[in-house]
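Here is the structure we will look at.
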Number of protein chains: 2
Amino acid sequence: MRPTVHDIAAEAGVSLATVDRVLNNRPGVRAVTRDKVEQAIETLGYVRDVAAANLAKGRTYPLIFIMPAGDNSFMRGLEAEVRAATVRSAAERTEITILTVPAFNAQALAEALAEAHRRQPAGVAVVAIEAPEVTAAVKRLRDDGIAVVTLVSDLPGSARDHFAGVDNVAAGRTAGSLMGRFLGNREGPVAVLAGSMLVRDHRDRLEGFQAVMRDCFGTRALLPVVEGQDDAALAEKLVAALIDAHPDLAGIYSIGAGNRGLVAALEKAGKAGTICVVAHELTAYSRAALLSGTIDALLNQDAGHEVRSAIRVLKAKADGLAVIAAQERIRIDIFLKDNLPSGQV
Amino acid sequence: MRPTVHDIAAEAGVSLATVDRVLNNRPGVRAVTRDKVEQAIETLGYVRDVAAANLAKGRTYPLIFIMPAGDNSFMRGLEAEVRAATVRSAAERTEITILTVPAFNAQALAEALAEAHRRQPAGVAVVAIEAPEVTAAVKRLRDDGIAVVTLVSDLPGSARDHFAGVDNVAAGRTAGSLMGRFLGNREGPVAVLAGSMLVRDHRDRLEGFQAVMRDCFGTRALLPVVEGQDDAALAEKLVAALIDAHPDLAGIYSIGAGNRGLVAALEKAGKAGTICVVAHELTAYSRAALLSGTIDALLNQDAGHEVRSAIRVLKAKADGLAVIAAQERIRIDIFLKDNLPSGQV
DNA sequence: CTGTTAGCGCCTTCAT
DNA sequence: ATGAAGGCGCTAACAG
């Protein structure tokens, strides 16, 4: 039988309350007494039963998730994962609220953060936009003791506690590697379609992609980046224009969302399967395009993992606990049509 | 505040004990009373607090893991993950024992399963070998109400409750896709180095690989499979012979372990970076080879995920609960040198 | 500074 | 067939 607080109390010759004070390093214990208790903990090899502790505490964690609105499939999937987490709220002692804001609008995001602040949650998860007013709003939350985690897109240099998302520079590098190797010695330039340079994840991916193309496939021409605002209609127009302007276009790297438009443009131009396409995020559309051969490779971040990690970290930070970084790392999944998980999505 | 057993008891006008009987559908409750309680559960929207239930029950789960001995890095990493899980035993109410058996030895494995049976655990996780005596031993465990999960390598057609591992046919297909595309129109045959055709995972990978090479890259010659018994020294000898016999060898697909030997042979022959290599499992050796360019792509199964999933499933099955298949799916990770997680391993 | 006492939500004898 | 009472391991008032 593993030792309990009672055993420690007996071993150390003190009361339960004192043991509890030491365990939760609360004040009001003489150093000598503390030592005795810690000694007992050590010799008995005590480890606290977290479930029992939570039961006794009855603590809950009000959490707020802020994410962009719009028809971006990835973001809607992310929201679905947050909703799935609210279902588990009972077991996890969380109370999750979702706030949606217009995409790529720093002002609106800052206001949502202020609104979240008013509600006094234990923590806030936010899909960030890099802008001074957002950074400032995050700082105010942290100054008030509210934990903040950035989700999917980071806000480096801010006061946020943690970033729950992938290494987007590595993602861009991987995209570059696949593009370069898949193209081999085939002729023609490569285009890049991003969502917006306002968000850090897109900027990071671009940086990684350009670095690999430059360092490893230096002879390949890279066209200037075009920004589709993660909007399918705009993306379609832009890609159609690219195909038109560059009949020998060999590849397209799609950094953000709007893959529906990208695919439509390729198909209408009769270039599906001819131009090598590397894109991001597994959605119903991108899955179909991968299977049909219009998209050659898909880099994905698992929204479910990100949401669950964000919740774990927010709870830990709210309790002032450290997190094990390695355990919270989100991986970049690479999907070819051959290793696509059969599941839904 | 969510409702508790007390609320149900009050609402139904019965005692706590009766509510408990209904909740755990134990006998000794009149149908009318049962109905009243179920009605109350329904109207109050009660969901039981599993943590509290476990605390009260004090139930633990004795589990046995059976895995191959030897210097196979992947298997040692797997064992390390099991050991890591034993550390979490306290919180998870598990008591894990590890049994190691000689690799690729069906007789020894069957005996280990019998030994596990004698110890009467709640569940057994086993890295399987496909053989009648193993299938029979698994059946005896199941017939005795002990949950069985195959780990890494499956035993299809047996009575096992679940397989905690990747879709190895898909893994083989992915390897084929990458090999074919990376080689492009470069000349030369492709060799396959397996561990043993006795284990299902190797057979499945081979099947997937051959299918894609045949269907999508039909002009590429495939050499007959050689078996290295997951042994580095033997693998080195075999690969050296292959290189010798086929000066124009374009690619090698390494299905199993022994990558150390593979890499050594390539380096000694001065073929490192020239022959396209796709291999499995991220270990200290394969990581180094990927970074140096000797290995071009690495398919990986996350041993930690597999072990944790196996434990979750064993506990659930031991309690007679269903598992959510989608949640327990283990993914195939693809690593290029650009998306290698920076961590240890 | 330290100890006593009463729960958290659930399960389990033991009576009735 | 049903109920009362005590306890799982921990925390949180409230006393002293």
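Residue numbers begin at 1 in each chain, while the letters A, B, ... track the order of the sequences.
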Nearest-Å distance for atom pair CG/P, residues A/Leu55 and C/dC11: 12 Å
Side-chain touch B/Asp302/A/Arg331, heavy atoms, less than 4.5 angstrom: yes
OP1 or OP2 of C/dC1 under 4.0 Å from side-chain N/O of A/Thr33: no
Touch class at under 4.0 angstrom, heavy-atom based, for B/Val19 against every strand present: nothing
Side-chain N,O (B/Thr4) to OP1/OP2 (C/dG9) below 4.0 Å: no
Touch class at under 4.0 angstrom, heavy-atom based, for B/Gly28 against every strand present: base
Nucleotide nearest A/Ala17 (side chain, heavy atoms from C-beta), chosen from D/dG3, C/dT4, D/dC8: C/dT4
Whichever of B/Ala56 and B/Arg30 has its nearest DNA chain D nucleotide further upstream toward 5': B/Arg30
B/Thr18 side-chain N/O to D/dT2 phosphate OP1/OP2 under 4.0 Å: no
Flag if over 12 foreign heavy atoms under 6.0 Å of CD1, B/Ile324: no
5'-most by nearest nucleotide on DNA chain D - A/Arg26 or B/Val29: B/Val29
Between C/dG9 (P) and A/Lys57 (NZ): distance, integer Å: 15 Å
Within residues 39-54 of chain A: residues closer than 4.0 Å to DNA chain D (heavy atoms): A/Tyr46, A/Arg48, A/Asp49, A/Ala52, A/Ala53
Separation of C/dG9 P from B/Arg2 CZ (nearest whole Å): 8 Å
Interatomic distance, B/Asp20 CG vs D/dT2 C1' [rounded to whole Å]: 13 Å
Distance in angstrom units between A/Leu23 CG and D/dC10 C1', rounded: 9 Å
Atom pair distance, as rounded to whole Å: CG in A/Asp319 and P in D/dC10: 17 Å
Distance-only donor-acceptor check, side chains B/Asn24 and B/Arg48, under 3.5 Å: yes
Gap between atoms CZ and P, on A/Arg59 and C/dG7 respectively (whole Å): 23 Å
Atom pair distance, as rounded to whole Å: NE2 in B/His6 and P in C/dC8: 7 Å
Donor-acceptor pair under 3.5 Å, A/Arg21 side chain vs C/dG3 base: yes
Side chain proximity check, B/Glu306 to B/Ser309, heavy atoms < 4.5 angstrom: no
Within 45° cone and under 6.0 Å: A/Arg59 NZ/CZ vs A/Tyr61 ring: yes
Selected nucleotide, minimal atom distance to B/Asn24 side chain, candidates C/dC8, C/dC11, D/dA12: C/dC11
Non-hydrogen atoms of B/Val127 and B/Pro68 that approach each other most closely: CB-CD, 3.8 Å
Side-chain touch B/Gln301/B/Ile332, heavy atoms, less than 4.5 angstrom: no
Short side-chain donor-acceptor distance under 3.5 Å, B/Ser158 and B/Thr135: no
